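Notes follow once the structure below has been shown.
What you see is a predicted model; the values in this text were computed from it and never measured.
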Amino acid sequence: MLFAVDAGNTNITVGIFDGSTLVKQFRMITKTNRTSDEYGVFFREWLEINEIKGSSITDVIISSVVPNIMHSLTSGIIKYFGVNPLIVAPGVKSGIRIAIPNPKELGADRLVDAVAAYEMYGGPVIVVDFGTATTHDLVLGDGTFTAGVTSPGIRLAANALWTGTAKLPEVEIKKVDNILVNDTVSSMQAGIYYGYVGQTEYIIRKMKEESGLSGIKVVATGGLGKLISEATDAIDVYDPELTLHGLRIIHDKQK
């Protein structure tokens, strides 16, 4: 079985694959002060709870945008699974040509998402990942990663709203039925939600216009992606498992 790990700024997402089938997945909060033993013991116990033997893990692949956790994370996997993990980094075989001035600047998560969207849905494709930061990346029909847009994630932007003001409260990020509201909490929720829907639609429209390409599919993923994708026709597909499948595809390409 393949143990696939995506380490993001907010959460670490883990998926277990049996061939091409994602059989189990879970998330844990990203912390920079965990030891290798904490990672290893937690992973082994989680597998046991789900009736998966640790000895059945034959391969591990990791993508990470949090360098500070990598030593403990990889050491824990090696110590408790006896497997040297494949790290997604520049030079790994992905099937995507990175046509930006400095390919090393491209985050591993964006590469993984691009691989999954292109392989599973075809190109040209715009990949939108609603994570800690929200990214919009364009992959051409021949598999070339050519451009990307980065903006603050929904939670990050919302957090700035109530931490940067003296009297505005922290609110739940949710859809409100109308934008014409008359209380503080609802007005904040309307601004966050409809403002982000509008931002998403505008960025996608401008990327399509400036690329000059027709038939671009838009694929979204990420925690709050479902909330936004349900509100707009600009997104064609919402796939919450996109990143994990991208890790599986990259792992398979190394063979």
Side-chain angles (χ1 to χ4, degrees), residues 2-15 17 22 25-32 39 60-71 73-74 77 85-100 102-121 123 125-139 143-157 200 203 207 218-226 228-229 235 237-254:
L2 173 66
F3 193 84
V5 183
D6 175 50
N9 289 296
T10 303
N11 293 313
I12 297 173
T13 305
V14 176
F17 285 92
L22 180 61
Q25 63 175 303
F26 71 91
R27 289 189 177 193
M28 59 193 298
I29 295 173
T30 303
K31 293 182 179 179
T32 59
Y39 281 116
V60 180
I61 183 170
I62 300 173
S63 68
S64 173
V65 295
V66 191
N68 290 344
I69 72 169
M70 287 303 290
H71 177 73
L73 178 60
T74 55
I77 287 170
L86 170 67
I87 310 298
V88 178
V92 71
K93 187 182 295 184
S94 67
I96 295 292
R97 186 173 73 88
I98 306 173
I100 59 176
N102 187 358
K104 292 183 179 180
E105 289 182 351
L106 183 65
D109 54 342
R110 299 175 81 161
L111 174 59
V112 170
D113 285 344
V115 168
Y118 180 72
E119 293 282 345
M120 297 171 67
Y121 301 101
V125 60
I126 292 173
V127 193
V128 188
D129 189 342
F130 293 93
T132 306
T134 296
T135 55
H136 302 69
D137 296 324
L138 175 62
V139 181
T144 300
F145 184 106
T146 187
V149 178
T150 306
S151 62
I154 307 173
R155 285 194 176 91
L156 196 63
T200 300
I203 291 176
M207 291 181 74
V218 180
V219 178
T221 191
L224 288 172
K226 187 174 188 295
I228 302 301
S229 64
I235 295 172
V237 178
Y238 172 68
D239 187 342
E241 299 168 353
L242 188 74
T243 306
L244 291 176
H245 280 286
L247 287 168
R248 172 187 58 79
I249 293 168
I250 290 176
H251 167 265
D252 292 344
K253 285 182 179 294
Q254 309 316 302

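Formation of a donor-acceptor pair under 3.5 Å by the T30 side chain with backbone atoms of G8 is found in this model. Side-chain atoms of T32 do not come within 3.5 Å of backbone N or O of I69 as any donor-acceptor pair. At least one donor-acceptor pair under 3.5 Å links the side chain of S94 to the backbone N or O of I96. Side-chain atoms of Y238 come within 3.5 Å of backbone atoms of G222 as a donor-acceptor pair (strictly under, hydrogens ignored).
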R248 vs L22, side-chain contact (heavy atoms from CB on, under 4.5 Å): CA-CA, chis, key distance, verdict: CA-CA 9 Å; R248 172 187 58 79; L22 180 61; over 6 Å; no
I77/Y39 under side-chain contact (heavy atoms from CB on, under 4.5 Å): CA gap, chis, key distance, verdict: CA-CA 7 Å; I77 287 170; Y39 281 116; over 6 Å; no
From CA spacing to verdict: side-chain contact (heavy atoms from CB on, under 4.5 Å), F17, L247: CA-CA 10 Å; F17 285 92; L247 287 168; 5.8 Å; no
Residues V127, D129; criterion side-chain contact (heavy atoms from CB on, under 4.5 Å); working and verdict: CA-CA 7 Å; V127 193; D129 189 342; 5.7 Å; no
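Residues V219 and M120 form no side-chain contact, since every pair of their non-hydrogen atoms from C-beta on lies 4.5 Å or further apart. For the pair R155 and T10, the minimum side-chain heavy-atom distance is 4.5 Å or more. For the pair V65/R110, no side-chain contact is recorded, criterion being any heavy-atom separation below 4.5 Å from C-beta on. Using a 4.5 Å cut-off on side-chain heavy atoms (C-beta onward), I29 and N11 make contact.
Checking D113 against T243 by side-chain atom types alone, a donor-acceptor pair falls below 3.5 Å. For the residue pair D6 and S63, a side-chain donor N or O sits within less than 3.5 Å of a side-chain acceptor on the partner.
Separation of atoms CG (L242) and OH (Y121) is listed at 6.5 Å; rounding is to 0.5 Å.
Listed by chain and residue number, E119 satisfy the side chain to side chain donor-acceptor pair (under 3.5 Å) test with K253 (two or more places apart in sequence, or in another chain). In this structure Q254 satisfies the side chain to side chain donor-acceptor pair (under 3.5 Å) test with no other residue, sequence neighbours excluded. Checked against ring-ring contact (aromatic ring centres under 6.0 Å, His included), F145 has no partners two or more places apart in sequence or in another chain.
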